[in-house]
2 protein chains.
Amino acid sequence: MADPVVRSAPPAPSSAPSSAPPTAPARAGRATLVDVAAAAGTSASTVSRVLHGGAGVTDELAERVRAAARELGYSVNRQARTLRRGKDTAIGVALEDFTIPFFGRIVAQVEQAAHERGYGVVITCAGSGRSEEEAVEPLLSRSVAGLVVATGTAGAPEGYLAALAAELPVVQVDAPSASSHSDTVGIDNEAAGRLLTEHLLAHGHRRVLFVGSGPAATTVQLRRRGYEAAMREAGLEPLSTWLGYLPSETTERAVDVLREHTASGAPGGGITAVLSGVARVTMGLASAMARLGLRDLAYAAVDDLAGADAFSPPLTVLEQDVEVMGARAAELLFARIDGDRRPPVHERVPLRLIVRGSGELPPR
Amino acid sequence: MADPVVRSAPPAPSSAPSSAPPTAPARAGRATLVDVAAAAGTSASTVSRVLHGGAGVTDELAERVRAAARELGYSVNRQARTLRRGKDTAIGVALEDFTIPFFGRIVAQVEQAAHERGYGVVITCAGSGRSEEEAVEPLLSRSVAGLVVATGTAGAPEGYLAALAAELPVVQVDAPSASSHSDTVGIDNEAAGRLLTEHLLAHGHRRVLFVGSGPAATTVQLRRRGYEAAMREAGLEPLSTWLGYLPSETTERAVDVLREHTASGAPGGGITAVLSGVARVTMGLASAMARLGLRDLAYAAVDDLAGADAFSPPLTVLEQDVEVMGARAAELLFARIDGDRRPPVHERVPLRLIVRGSGELPPR
DNA sequence: CTGAAAGCGCTTACAG
DNA sequence: CTGAAAGCGCTTACAG
């Protein structure tokens, strides 16, 4: 094994002796390209080619390099690669709330897709008071190759995200509206609100309350718009209310709201059905109903919930295939990263009504 | 303001700087240290000191540097810093399953703690067939400064994690057992199984079925051990079964199991109570009960579930403060990263019994 | 107090 | 087909 080079400056920290370290892990930490090169009796360039570049190396040499790499347990230092290449093999994911299964199911899909492609996933939380910008900056300073943004109810990110999308691929999930600057994957929110409302109306309900988080949640606003349209077309007066954005207060507020609207002296004689506009609110309302013992209120919601089939009262739901949303978001993102330059794509996943007992008009 | 340097090559995308530019990866947007130095009429060293090192720079110069940095929208390139320093300002989080709120609540806390300290969070999924090693390697190749591992039911990671913990700080959450090599945060699993069983027994139940995911889930095994001890001490025969590790099959299997054990001809006359050993199983059992209309089966579970208070039948639960678990895990990890060299710490978070209707022995 | 220089580990155009 | 060399952006001894 020729060893023409004096093995460029054995790095000081607890380094092995000079010249040719046969197999010994050079430094305290991980083996480097140079370590592998030395072990294989070749140069770093060649090792790099064999391990990543692919073409143009003799079979015999390539095999020697691979053996050495294996033996030393070599794996690439991403920082160095990224610094050199300019873009990290990592994507960023900005989520509104990790504790809500909807978002968890999105990350799970995105992580899977990233893993398959050898990409890492850096996450950041964009909910509860943290601005989009504050949430995303840490990802940018890591040179992520692209971004999945799922901050559905977090606010109106148009401005900042538009600027961002000009610099790197961005896919929005559960996006408030089809934005012109980046790909989006989501449902038809307005249709969702309308469908559920029409379902309730078709079963005899007249006093249906729409409950959302707050007016700043664009997704929810669209769903409400659908609800209101359906109500008005049926000659009914829409009625909606908000529970706010704080997870810790959601259930309490739901209790208050339901008390008010089911009381004997409630405006219009009290509601017979509730329509929830978003997952966290759905949970809060369910807990509140259980606590208040409201067993004869029809209940429908846009997002399906894990375990919702065990809820009481039964929850009628407009199920969206969240796994498909997450998977498609990842596919679109990686297509962009791989150079896809088509105009922004806006995908809608289909909705499926799952009726669980909101059918019967409860006894008055 | 002197400007001694020719302002090293205003980085127009793929511009050709002064001397020898054989290699110039086209860098899109971000300003570099050198850009800031040029703008402030000083050197990169000084800019670095002002922005991060802190001490030893004239106020006047420092201010000029900060102004320039602000103006250029400078933020540090993490790759370069990490490459230079050796350790990334990022931590890794390996989770079993993102879609289960338990894990989501852990990440949420860890992410918050990391964000406060200027650390990034790289995630990886260690569930469903992916080995610990395969899951963690991508994090190591990014030089994360430490690792939070929450793979409760994923298997027996002792060997690999022990080796890992020798190289960088690792904190295990919901750990199968107090391991000697790394910090752990969790509950007393055996006590948990025992407590819930004793609760059911105290209310007259004699035929209690324990349901877990599978024998490889160490956490669940410990909970089952507590259940069995309590049963035996009461002179009763333990009875347990598994639903397997596949999320997609959990509910189906739960239906089968419940059918079998509540049938008229069931061994011993059929069960009156079910004890679930882990969150996913709890969900599956709840759905199965709803589907089978089993309204008079007492139901208890170790993990609390979001929305569990709306379940039917009511779910008695041993609540663990998951937020505290996540927060403590992060604190322990950052203490280690900051140089804490105490022997491994094993923290237990307290358990709280939340009784929701499993009290009454159902009518026979 | 400040700057020039080296080098972290990698990739890649360039030369041989 | 292969290697020497440059340089990604940063930090940090080391001089001045």
Side-chain angles (χ1 to χ4, degrees), chain A residues 2-6 8-13 26-27 29-38 40-62 64-65 74-89 141-143, chain B residues 2 4-5 8-9 11 14 16-28 30-38 40-62 64-65 74-89 141-143:
Chain A
D3 198 343
V5 194
V6 190
S8 66
R27 298 183 315 122
R30 309 166 66 83
T32 74
L33 255 196
V34 172
D35 297 332
V36 176
T42 181
S43 73
S45 331
T46 299
V47 175
S48 180
R49 272 186 215 109
V50 170
L51 263 28
H52 313 292
V57 180
T58 313
D59 281 359
E60 199 260 345
L61 215 201
R64 222 163 70 224
V65 167
Y74 173 79
S75 89
V76 69
N77 177 317
R78 306 272 170 173
Q79 272 77 31
R81 164 181 291 181
T82 301
L83 182 59
R84 179 57 227 236
R85 283 195 178 161
K87 277 298 166 208
D88 197 357
T89 48
S141 78
R142 323 199 92 79
S143 317
Chain B
V5 193
S8 67
S14 61
S18 43
S19 50
T23 319
R27 206 178 41 74
R30 305 173 70 82
T32 74
L33 255 197
V34 172
D35 297 333
V36 176
T42 181
S43 74
S45 329
T46 299
V47 174
S48 181
R49 272 187 215 108
V50 171
L51 263 29
H52 312 294
V57 179
T58 313
D59 282 358
E60 199 261 344
L61 216 200
R64 221 162 70 223
V65 167
Y74 173 79
S75 89
V76 68
N77 177 317
R78 305 270 171 174
Q79 271 78 31
R81 164 181 291 182
T82 300
L83 182 58
R84 179 59 227 238
R85 283 196 177 159
K87 278 297 168 209
D88 197 358
T89 47
S141 78
R142 322 199 92 80
S143 317

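Proteins get letters first, then strands, A, B, ... in listed order; numbering begins at 1 in each. Side chains are part of it too, since the values below use all heavy atoms of this structure and drop only hydrogens, waters and symmetry mates.
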Rounded distance in Å - [atom1] ([X]) to [atom2] ([N]):
{"X": "B:Leu83", "N": "C:dG9", "atom1": "CG", "atom2": "P", "answer": "7 Å"}
{"X": "B:Asp88", "N": "C:dG9", "atom1": "CG", "atom2": "P", "answer": "15 Å"}
{"X": "A:Asp59", "N": "D:dC1", "atom1": "CG", "atom2": "C1'", "answer": "12 Å"}
{"X": "A:Leu33", "N": "D:dA4", "atom1": "CG", "atom2": "P", "answer": "14 Å"}
{"X": "A:Arg64", "N": "D:dG3", "atom1": "CZ", "atom2": "C1'", "answer": "14 Å"}
{"X": "A:Tyr74", "N": "C:dG9", "atom1": "OH", "atom2": "C1'", "answer": "7 Å"}
{"X": "B:Arg84", "N": "D:dC10", "atom1": "CZ", "atom2": "P", "answer": "13 Å"}
{"X": "A:Leu51", "N": "C:dG9", "atom1": "CG", "atom2": "C1'", "answer": "13 Å"}

TODO: Indicate, with a heavy-atom threshold strictly under 4.0 Å, whether B:Thr58 touches base, sugar-phosphate, or nothing.
DONE: sugar-phosphate
TODO: Would you please enumerate the stems DNA chain C participates in, each stem being three or more consecutive Watson-Crick or G-U wobble pairs with both distances under 3.5 Å?
DONE: C:1-3 with D:14-16, C:5-12 with D:5-12, C:14-16 with D:1-3
TODO: Can you sort out the partners of B:Thr46 under side-chain contact (heavy atoms from CB on, under 4.5 Å), two or more places apart, ordered by chain and number?
DONE: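 Once residues adjacent in sequence are excluded, the partners of B:Thr46 under the side-chain contact (heavy atoms from CB on, under 4.5 Å) criterion are B:Thr42, B:Ser43, B:Arg49, B:Val50, B:Val57, B:Leu61.
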Task: Results of side-chain contact (heavy atoms from CB on, under 4.5 Å) for A:Ser141 - residues two or more places apart only - done: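 If we apply the side-chain contact (heavy atoms from CB on, under 4.5 Å) test to A:Ser141, skipping adjacent residues, the hits are A:Glu137, B:Arg30, B:Ser75, B:Arg78.
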Task: Distance test, side-chain N/O of A:Ser48 to OP1/OP2 of C:dT11, below 4.0 Å - done: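 Yes, such a contact exists.
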Task: Short side-chain N/O contact from B:Thr42 to OP1 or OP2 of C:dG3, under 4.0 Å - done: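 Answer is yes, contact under 4.0 Å.
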Task: Close side-chain approach of A:Asn77 and A:Thr32, heavy atoms under 4.5 Å - done: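 No - every pair of side-chain heavy atoms lies 4.5 Å or more apart.
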Open item on the list: Counting C-beta onward and ignoring hydrogens, is there a side-chain heavy-atom pair between A:Val76 and A:Leu51 closer than 4.5 Å?
Closed with: no
Open item on the list: Does A:Arg49 contact D:dG3 through a side-chain donor or acceptor facing the base, at a distance under 3.5 Å?
Closed with: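 Present.
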- [ ] By nearest nucleotide on DNA chain C, pick out whichever of A:Asn77 and B:Ala44 is the more 5' one.
- [x] B:Ala44
- [ ] Flag the pair A:Asp88 and A:Arg81 as a salt bridge only when some basic side-chain nitrogen lies within less than 4.0 angstrom of an acidic carboxylate oxygen.
- [x]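 A:Arg81 and A:Asp88: not salt-bridged.
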- [ ] Give the minimum heavy-atom separation between A:Ala44 and A:Leu33, together with the two atoms involved.
- [x]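 Closest approach of A:Ala44 to A:Leu33, heavy atoms only: O-CD1, 3.9 Å.
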Open item on the list: Looking at every non-hydrogen atom in both residues, tell me the closest pair between B:Ser143 and A:Gln79 and how far apart they are.
Closed with: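 Smallest interatomic distance, heavy atoms only, reads OG-OE1, 3.0 Å.
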TODO: Would you mind telling me which of D:dC10, C:dC10, C:dA4 lies closest to the side-chain atoms of B:Ala80?
DONE: D:dC10
TODO: Select one nucleotide: of C:dA4, D:dT11, C:dG9, the one nearest the side-chain heavy atoms of B:Ser43.
DONE: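 Output: C:dA4.
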Open item on the list: By nearest heavy atom, map A:Leu61 and B:Thr46 onto DNA chain D; which one lands nearer the 5' end?
Closed with: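 Result of the comparison: A:Leu61.
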